[in-house]
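Single-structure report; data block below.
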Amino acid sequence: MIKIGSMQTNSMVPVLLYTAGGAQCTILREGANLVSWIPANGSEQLFISRCSGSVDGLPVRGGIPLVFPQFAEMGPLPKHGILRNINWDLIAISSQPDCASATLQTECRPFSYPGWPYAFRARLVVELQDQSVFLQFSIQNTGTQTFAFQSAMHAYLRLPGGTPADILGCIPANYFDKQLQSWCEPAMTSPVHINAATDRIYQSPATRLLCQSGTTRLTLQSGGFPEMVIWTPWREGASAIPDLGDDEGDQFICIEPAAIYQAQQLAPGSQWQGRLRLLAETASEPDREPKPASDSTQP
Ligand code: TA6
């Protein structure tokens with residue numbers, strides 16, 4: 001049997017999902033942010049700073065914030081857009097034999113936000129299974145004008161004990177290095193070893209990656225996003241972030257399916273979808289490159 005937590009559709013109570021096998025996840029109404037995911041027989045896979053909430057006006061530091069319609073400071077809107085600070089409605093919650101799911105939604109009228117004159121509906125579906133969690137983020141243009149937007153699923157993956165991460169899969173793609181402010185060609189295609197401050201936007205990366213750090217291994221499968229961000233402040237960059245502990249910079253890596261330089265266009269009435277599946281690997285599996293994605297495994 002699957003237990004489902006909060007059923008109140010009009011409150012700010014977080015949404016809790018459980019599986020019979022022991023997996024659980026928590027979604028905040030603020031930003032529809034998946035702030036915790038613990039697979040069956042596993043440990044917490046997502047990072048939340050202990051200083052999150054310590055600075056007025058900043059959204060939750062961690063989880064999987066949803067970026068829309070602006071990435072970072074690349075426009076007139078607040079950093080990473082407007083969805084992170086909005087309280088979303090819970091519109092559906094369900095239980096199937098092997099999957100618990102929840103759907104959250106928020107609607108925006110033209111000029112609800114200064115600098116964004118368009119109407120849209122944003123929806124997030126979260127599906128929890130024993131070893132995986134799947135997020136489907138969709139935007140529908142509910143207005144009368146076409147708009148272009150940037151987007152990302154800004155996943156903060158926990159790195160236990162500051163252990164460097166290897167990203168396999170991998171990323172045979174050019175990237176923009178935000179620290180160098182220049183475009184770079186990858187020196188190696190795989191793995192990408194992260195043990196220092198990193199902030200890169202990869203063009204057309206693989207849609208299936210493996211992130212391993214110590215005995216923690218996560219497979220990420222994405223769909224609908226043409227780019228991928230890899231960001232961590234690491235130890236040297238933590239003190240510059242006001243809602244992050246000085247000792248927390250090496251506790252996470254963000255791997256973010258994104259549409260940034262390749263912004264998406266949405267005509268009136270049409271819908272865009274971005275998807276991310278996180279799959280927990282068992283520590284006993286040998287090091288390996290992730291298998292090529294087949295249609296049946298694509299999110
Ligand atoms: O997605 C990477 C990034 O744009 C980094 O440059 C870094 O600034 C990060 O996002 C965090 O943004 P935040 O607004 O959450 O502090």
Side-chain angles (χ1 to χ4, degrees), residues 28 30-35 46-86 113 115-116 135 137 149-159 165 167 171 173-184 192 194-205 209 211 220 222 224-264 274 276 278:
L28 296 185
E30 181 188 346
N33 189 337
L34 180 77
V35 290
L46 300 177
F47 171 82
I48 291 281
S49 170
R50 67 169 186 277
C51 304
S52 183
S54 61
V55 181
D56 278 353
L58 290 186
V60 171
R61 172 67 63 195
I64 307 186
L66 300 171
V67 173
F68 172 89
Q70 172 187 303
F71 183 79
E73 299 99 338
M74 296 173 76
L77 296 171
K79 190 175 180 188
H80 288 324
I82 54 186
L83 292 183
R84 298 193 297 178
N85 295 84
I86 291 176
Y113 300 94
W116 185 253
L135 294 89
F137 175 34
F149 64 94
Q150 297 171 312
S151 180
M153 297 174 89
H154 200 306
Y156 283 72
L157 308 179
R158 176 177 290 274
L159 299 179
I167 304 172
I171 303 176
N174 292 346
Y175 61 87
F176 184 76
D177 190 312
K178 280 176 78 175
Q179 295 174 304
L180 301 175
Q181 284 294 303
S182 70
W183 287 93
C184 304
V192 172
I194 305 291
N195 62 353
T198 302
D199 198 350
R200 300 174 182 171
I201 302 172
Y202 283 88
Q203 300 296 293
S204 308
L209 304 174
C211 178
L220 296 92
S222 61
F225 291 100
E227 292 155 289
M228 180 81 71
V229 176
I230 297 182
W231 172 65
T232 174
W234 211 246
R235 292 161 202 154
E236 54 273 31
S239 61
I241 301 175
D243 57 343
L244 186 71
D246 288 354
D247 57 343
E248 290 184 313
D250 59 3
Q251 303 296 304
F252 67 90
I253 182 167
C254 289
I255 301 182
E256 314 163 31
I260 300 170
Y261 295 111
Q262 300 174 59
Q264 306 293 293
L276 175 62
L278 303 178

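For ligands, and for the atoms within them, numbers begin at 1 and follow the listed sequence. The first residue of the sequence shown is numbered 1, and numbering continues consecutively from there.
- L278 is listed as a side-chain neighbour of L46, based on a closest heavy-atom distance under 4.5 Å.
- Using cut-offs of 30° and 60° for the angle between ring planes, the F252 and Y156 rings count as tilted.
- Here the side chains of Q262 and I260 are not in contact, with every heavy-atom distance at 4.5 Å or above.
- Note on residues 228-240: pairs passing side chain to side chain donor-acceptor pair (under 3.5 Å), not counting sequence neighbours, are R235-D250.
- Aromatic ring orientation, W183 versus Y261: tilted (interplanar angle from 30° to 60°).
- Within 4.0 Å of ligand 1, protein heavy atoms come from R61, F71, A72, K79, H80, R84, H154, Y156, K178, D199, V229, W231, E256.
- Under a 3.5 Å cut-off, the side chain of E227 and the backbone N or O of F225 do not form any donor-acceptor pair.
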